[in-house]
Amino acid sequence: MGVDNKLMGTVVTGVIGEDVHVVGIKIIERALNDAGFKVNSIGAQVSQEEFIDAVVETNADAIFISSFSGHAAILVRSFRDKCAEAGLGDILLYIGGSLLLKEELWEEVEKKFKGLGMDRVYPPGISPTRVLEDLETDISLRRRVSK
Amino acid sequence: MGVDNKLMGTVVTGVIGEDVHVVGIKIIERALNDAGFKVNSIGAQVSQEEFIDAVVETNADAIFISSFSGHAAILVRSFRDKCAEAGLGDILLYIGGSLLLKEELWEEVEKKFKGLGMDRVYPPGISPTRVLEDLETDISLRRRVSK
Amino acid sequence: MIRNKKLSEDEFFKQREEVLEQWPTGKEIVDLDEAIEYHKSLPPLKNAVNKLKYAKEHNEIYAVCGAGKATMEEHIELYQYTEKEGQADLLGLSPDSMTRQNNYEGARRALDESIKTGESKLNGLPVVNHGVAAIRKMVESVNVPVLPRYGAADARLCDDTLLAGGCSYSAPDIFMDFWNQHAKVSLEKAISTHQYVCRLMGYYTEHGVPICAAAQGLYPAAIPPSLQTANLILSVMLQVEQGVKYISVKCPAHGNLVQDVASAEVRCNLLQLYLKKLGHHDVELFPNSSFSLMQYPVEVGANFAVVFMNTLVGKLIGAQINDIRTVAEAKAIPTKEDMAYTFRTAKVIQNFLQTQKINIDRKEIDMEAQMEEQEVRSILDKILELGDGDPLAGAAKAVVSGILDNPFAANRAAAGKVLGIKDCEGAIRYYDTGNLPFPKEIVEYHKGKIIEREIKRGKKIDYETLISDLLSISKGYLVQ
Amino acid sequence: MIRNKKLSEDEFFKQREEVLEQWPTGKEIVDLDEAIEYHKSLPPLKNAVNKLKYAKEHNEIYAVCGAGKATMEEHIELYQYTEKEGQADLLGLSPDSMTRQNNYEGARRALDESIKTGESKLNGLPVVNHGVAAIRKMVESVNVPVLPRYGAADARLCDDTLLAGGCSYSAPDIFMDFWNQHAKVSLEKAISTHQYVCRLMGYYTEHGVPICAAAQGLYPAAIPPSLQTANLILSVMLQVEQGVKYISVKCPAHGNLVQDVASAEVRCNLLQLYLKKLGHHDVELFPNSSFSLMQYPVEVGANFAVVFMNTLVGKLIGAQINDIRTVAEAKAIPTKEDMAYTFRTAKVIQNFLQTQKINIDRKEIDMEAQMEEQEVRSILDKILELGDGDPLAGAAKAVVSGILDNPFAANRAAAGKVLGIKDCEGAIRYYDTGNLPFPKEIVEYHKGKIIEREIKRGKKIDYETLISDLLSISKGYLVQ
Ligand code: B12
Ligand code: B12
């Protein structure tokens with residue numbers, strides 16, 4: 001990945017809502033960076049609008065939303081629509097963290113957040129390598145489609 | 001209890017079946033003894049018949065069956081009937097130990113063993129004091145009835 | 001301008017008027033004297049300081065962990081269950097994250113929805129929305145002290161409500177909160193809110209109700225302990241200046257027991273030393289054991305092992321508080337059963353260890369402690385120099401120049417240059433000392449330990465190593 | 001007549017013919033050479049001895065616990081789940097109690113019913129009914145060695161089947177089994193079955209397949225360790241005489257770490273000493289940590305604390321095996337989830353402790369060890385004297401005269417005079433030394449410790465105290 005110094009893509013990363021949990025996303029940022037992605041990190045406690053602005057600015061391929069408040073389902077409501085309104089209909093939306101307040105079957109959680117417009121949903125403790133693999137697949141697919 | 005050295009009753013104790021777990025019943029025996037009961041301990045690995053013989057011999061009020069094999073339900077099957085056949089229709093049958101192979105709701109276990117003719121059923125970790133209280137109540141009741 | 005100076009009573013009460021206006025429930029607690037009387041009417045051992053003194057005398061270590069549900073009914077049920085089934089000696093309290101961000105309106109909406117649906121929609125207790133009467137009801141519903149145990153950039157109204165409600169503990173740790181609890185708050189603003197809270201604690205204390213302040217000093221894992229200790233000592237300087245007399249000193253473990261015990265010793269010793277240096281001679285410390293901020297294991301089995309380490313460290317450092325996390329930590333807000341199991345395990349381990357004579361190799365502890373003491377002194381002495389003797393004035397400059405640093409801060413003000421890494425035995429070393437004012441031999445000592453690890457694994461340390469260090473405990477290893 | 005004498009090859013094979021006729025599956029294992037070849041075809045680390053040597057070299061402690069289901073399908077599922085989810089390094093095997101009593105017909109009926117109902121109707125694996133092919137299938141279904149870990153008055157056919165099936169470990173401990181596993185068997189009969197099993201192990205070993213014998217030496221709780229150690233050393237004398245070269249030495253803890261560590265040291269040191277005295281110079285020992293036979297806590301949380309103590313003791317005594325019980329121990333035959341959780345906890349604690357430098361106060365250990373060594377020597381030297389140098393001949397006399405004793409024996413042959421009790425710190429002391437041949441100062445040492453406790457609780461020791469000691473761990477205390 002990214003061995004020949006070619007840019008693999010651009011990703012906007014941040015922690016949504018009133019949430020301050022940044023350790024996880026900082027790790028993911030490092031992994032993205034090392035794998036040859038451009039990372040536009042907008043930090044903790046950011047809103048949907050701040051994410052969208054950052055994408056428009058950098059023409060990013062994906063948004064990485066981190067959320068540990070347990071309020072993720074409320075916080076990403078209509079995010080997909082807002083992206084579309086901003087002309088970012090095909091942006092990749094990834095979400096990870098501790099998404100709900102109660103422990104639920106992972107299949108259910110994943111379904112719920114896919115229903116909310118997320119392309120990929122990750123449980124806590126996910127390995128950065130897995131995420132990178134998925135991202136590469138999704139980006140090349142997305143590019144092929146938009147060609 | 002037993003303070004004035006009067007005999008509180010006689011109990012036959014033993015561990016049924018192929019079972020060797022004697023620690024628990026030895027404790028109960030000590031407690032019975034100290035509370036003023038006569039204890040006829042027939043030890044580990046005894047059969048229904050050995051229990052009944054011991055009762056006949058000592059004219060006991062109660063049989064304390066200990067069982068940790070998990071096979072208790074099979075091992076006490078028709079014990080009550082055999083007692084009746086031996087003319088011990090009103091003998092008190094107490095059972096304690098680890099009665100089943102699987103963990104089950106205590107209420108269910110108790111019901112099952114009462115259905116099998118036991119008068120009292122005890123879970124592991126039962127306090128000897130509780131057992132003594134029950135036994136005193138049951139014996140005085142039994143004597144009153146048979147008067 | 002930033003100064004470590006006690007608020008005058010006038011300044012304090014003037015500020016208090018504004019604070020209590022932030023939300024309607026504020027006006028219920030205007031009368032501080034009434035609150036003080038209320039505290040005095042409670043049984044003595046419901047006071048956190050009394051209980052911690054009792055623990056110290058009796059060689060007890062009490063487990064505590066964060067806990068909070070949206071509705072008071074559910075919250076009290078959680079407490080009563082944990083007290084009964086978990087045999088808890090203390091109960092921790094976590095306000096929800098909206099309350100911590102002063103978004104009381106958001107918390108209100110979520111609370112309403114929680115009441116409507118009968119299911120907690122918040123990640124903690126919305127203290128301010130509930131108000132003082134409800135907090136008193138909660139305090140009275142259990143037999144043990146309730147310890148608010150949380151951070152926020154501005155906890156003034158929340159802490160005021162909690163203390164008026166009968167709590168005698170909170171955690172106004174400026175450097176914990178500045179780095180970790182807000183993305184954008186300025187140090188100046190955060191210092192001023194913390195001075196207020198500590199002045200409030202001091203006020204109660206001066207009026208006969210001892211209140212304990214926790215110095216959390218918690219850093220995300222893989223930050224060497226000396227930097228954590230320097231931050232914590234500065235935070236305590238703020239606390240005591242405002243009149244706080246009882247400090248719960250968190251001593252976060254990373255898992256290597258030589259280092260963990262050495263750090264706790266250095267932390268408590270230097271703290272007393274700097275306290276005396278700055279003229280504070282009557283402050284009592286209660287060591288508090290916990291793990292550094294890190295990923296907890298997802299598996300229940302491995303999580304019990306973390307509870308065990310946390311308790312063992314508590315035993316080794318002579319702690320009174322065993323600040324644990326439940327076995328559900330990595331996954332969700334704990335249920336009451338999660339709480340009870342975990343408390344029970346911690347308690348039984350404590351019962352088993354209480355009178356045992358366990359030691360960690362003394363020679364190794366002393367060596368480790370000696371290095372660490374030098375590191376902390378380098379940082380603090382530089383800061384006192386920068387601030388002309390004022391720790392907070394110095395700290396403000398140190399944050400700008402990266403002498404106080406945090407690579408995993410939520411706050412954007414962090415230089416983020418210092419980096420830590422584990423050595424072969426799981427102790428944390430400086431991989432990059434950033435702008436820390438360390439003498440050369442310290443830098444080289446750490447480098448040496450890192451090279452040792454590189455040789456052992458036959459591979460250079462890289463960012464994968466850093467990640468693996470951050471996650472290793474959650475995978476069930478000290479170091480991989 | 002009882003003699004500690006190696007069976008000649010002729011005697012052994014003649015007896016073996018009879019043994020293999022006890023049940024139809026016996027004839028499948030007539031060819032011992034084929035079994036030896038089978039062992040040699042297995043991967044080296046599936047051999048228990050090799051795996052334990054590996055553990056010793058690498059400072060590893062492997063958890064193991066009893067496990068057995070009626071049907072082979074369910075049993076293999078339990079193993080595979082525990083290996084995968086619990087990351088087990090060893091798997092223990094418990095035959096059911098009917099098999100242990102040679103009631104193969106009863107086991108057959110229960111097995112049939114288990115197959116019919118799809119639910120295990122036995123408290124362990126009916127090894128003999130399954131026969132060698134099934135055991136091999138089981139051994140091949142996992143990657144780690146399977147360790148039969150059980151006692152019986154007569155385990156000859158069962159162990160013969162297990163060894164032929166690819167197991168390289170079993171637990172023919174005469175004094176464990178004589179006291180605990182049967183109500184009526186005579187010592188003479190039990191010795192002869194144990195000599196057979198050990199001769200079989202020796203035969204494999206001599207033919208290039210090392211087999212490990214466990215000396216369980218387990219006594220119900222509240223029996224002082226010196227009596228346990230004396231019994232265990234005698235049991236090992238039987239084992240090595242028949243050619244066993246590898247001993248897993250169980251060192252049962254009572255919870256006071258000074259005593260537990262001291263006992264383990266005394267046990268291993270004296271064992272080597274008596275081995276040399278009786279001419280055995282090439283026996284390798286593998287310490288094995290576990291708790292004494294006692295009531296386990298019913299609550300899950302408290303049970304995890306016991307797993308932790310078991311593992312900590314393992315670390316402190318340099319054990320290779322951590323013989324634990326699952327968190328369901330007090331309640332029922334463990335499910336596969338119970339197994340996995342418990343193994344995982346033990347493993348992670350081991351991971352966390354592996355390279356740590358933890359010690360128990362040396363001076364106290366030495367004092368404790370010195371007393372205990374004297375006690376063991378008094379008993380053993382008396383027994384060797386009684387037997388004219390033959391440990392088993394002496395032991396037979398000692399059982400009759402109560403020099404070897406057990407107050408909680410299932411076997412009616414026990415004098416049952418010795419009684420133990422905990423002291424203030426949870427160490428076990430002699431309350432009554434019965435007929436043990438102790439010098440006066442030992443008796444008084446113990447009395448002193450007991451008086452100390454009486455003074456501390458302001459109450460005479462009575463049978464309630466004894467009960468409370470037997471149950472204290474299950475209530476979550478070392479001593480109450
Ligand atoms: C450290 C920590 C904190 C620190 C944060 C410090 C900081 N600077 O970040 C502090 C102490 C400040 C904190 C505060 C709170 N916390 Co907190 N915290 C944790 C803790 C212990 C560890 C998180 C962590 O750093 N993990 C290490 C990293 C490396 O792992 P990670 O975060 O899971 O990230 C990995 C993946 O998830 C992935 N990832 C993360 N995001 C994304 C996004 C994408 C797109 C992708 C692909 C991947 C990805 O990347 C990482 C690589 O594997 C967790 C519990 C746990 N996980 O064990 C609780 C936890 C997250 N906190 C929680 C809560 C509730 C709070 C508080 C509300 C207090 C409370 N009531 O307990 C406050 C809220 C403050 C606020 N305003 O937000 C809850 C959340 C529960 C829920 N979802 O319902 C948790 C789960 C604890 C619990 N069980 O109660 N916390
Ligand atoms: C010690 C022990 C042994 C010792 C026994 C030594 C001896 N001399 O007694 C040895 C090692 C020999 C042994 C062997 C086996 N054991 Co075992 N053993 C235990 C253990 C660890 C403790 C029992 C004990 O002594 N408790 C201490 C006493 C004080 O408590 P207690 O026995 O519960 O007794 C109290 C009460 O129950 C009450 N009580 C007892 N009986 C009665 C009767 C009456 C009438 C009353 C009123 C009260 C009463 O009195 C006591 C006071 O509170 C238990 C697990 C546990 N409980 O933690 C397993 C346990 C009982 N054993 C068990 C099994 C399966 C076996 C084996 C088949 C091996 C195996 N597969 O694991 C063999 C069988 C041998 C045989 N032929 O019977 C299972 C039974 C499971 C089940 N019911 O399904 C248990 C529960 C362990 C488990 N979870 O797997 N065992």
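Only this structure's heavy atoms are used, side chains among them; waters, hydrogens and symmetry mates stay out. Proteins get letters first, then strands, A, B, ... in listed order; numbering begins at 1 in each.
Chain C forms more heavy-atom pairs under 4.5 Å with one residue of Asp361(D), Asn303(D), Ile473(D) than with any other, namely Asp361(D). Comparing Asn256(D), Val479(D), Val258(D) by heavy-atom pairs within less than 4.5 Å of chain C, the highest count is held by Asn256(D).
For the salt bridge (Lys or Arg N to Asp or Glu O under 4.0 Å) test, no residue two or more places apart in sequence or in another chain qualifies with Glu372(C).
Between the side chain of Gln356(D) and the main chain of Gly255(C), a donor-acceptor pair closer than 3.5 Å is present.
Using non-hydrogen atoms only and a strict 4.5 Å limit, the part of residues 328-352 of chain D facing chain C consists of Tyr341(D), Arg344(D), Thr345(D), Val348(D), Ile349(D), Asn351(D), Phe352(D).
Ring pair Phe308(C)/Phe308(D) is tilted by interplanar angle, where 30° to 60° counts as tilted.
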Take Asn359(D) and Ile360(C) through the side-chain contact (heavy atoms from CB on, under 4.5 Å) test and state the conclusion after the steps. CA-CA 6 Å; Asn359(D) 303 302; Ile360(C) 302 300; over 6 Å; no

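With a 4.5 angstrom heavy-atom cutoff, Glu364(C) touches chain D only via side-chain atoms. In this structure, chain D has no heavy atom under 4.5 Å from any part of Val307(C).
Considering CG of Leu257(C) and NZ of Lys357(D), their distance stands at 10.5 Å, rounded to 0.5 Å.
The neighbour count for Tyr54(C) OH, taken as heavy atoms of other residues, nucleotides or ligands under 6.0 Å away, does not exceed 12. Surrounding OH of Tyr445(D) are more than 12 heavy atoms belonging to other residues, nucleotides or ligands, all under 6.0 Å away.
Side-chain contact check for Leu353(C) versus Leu312(D): some heavy-atom pair is nearer than 4.5 Å.
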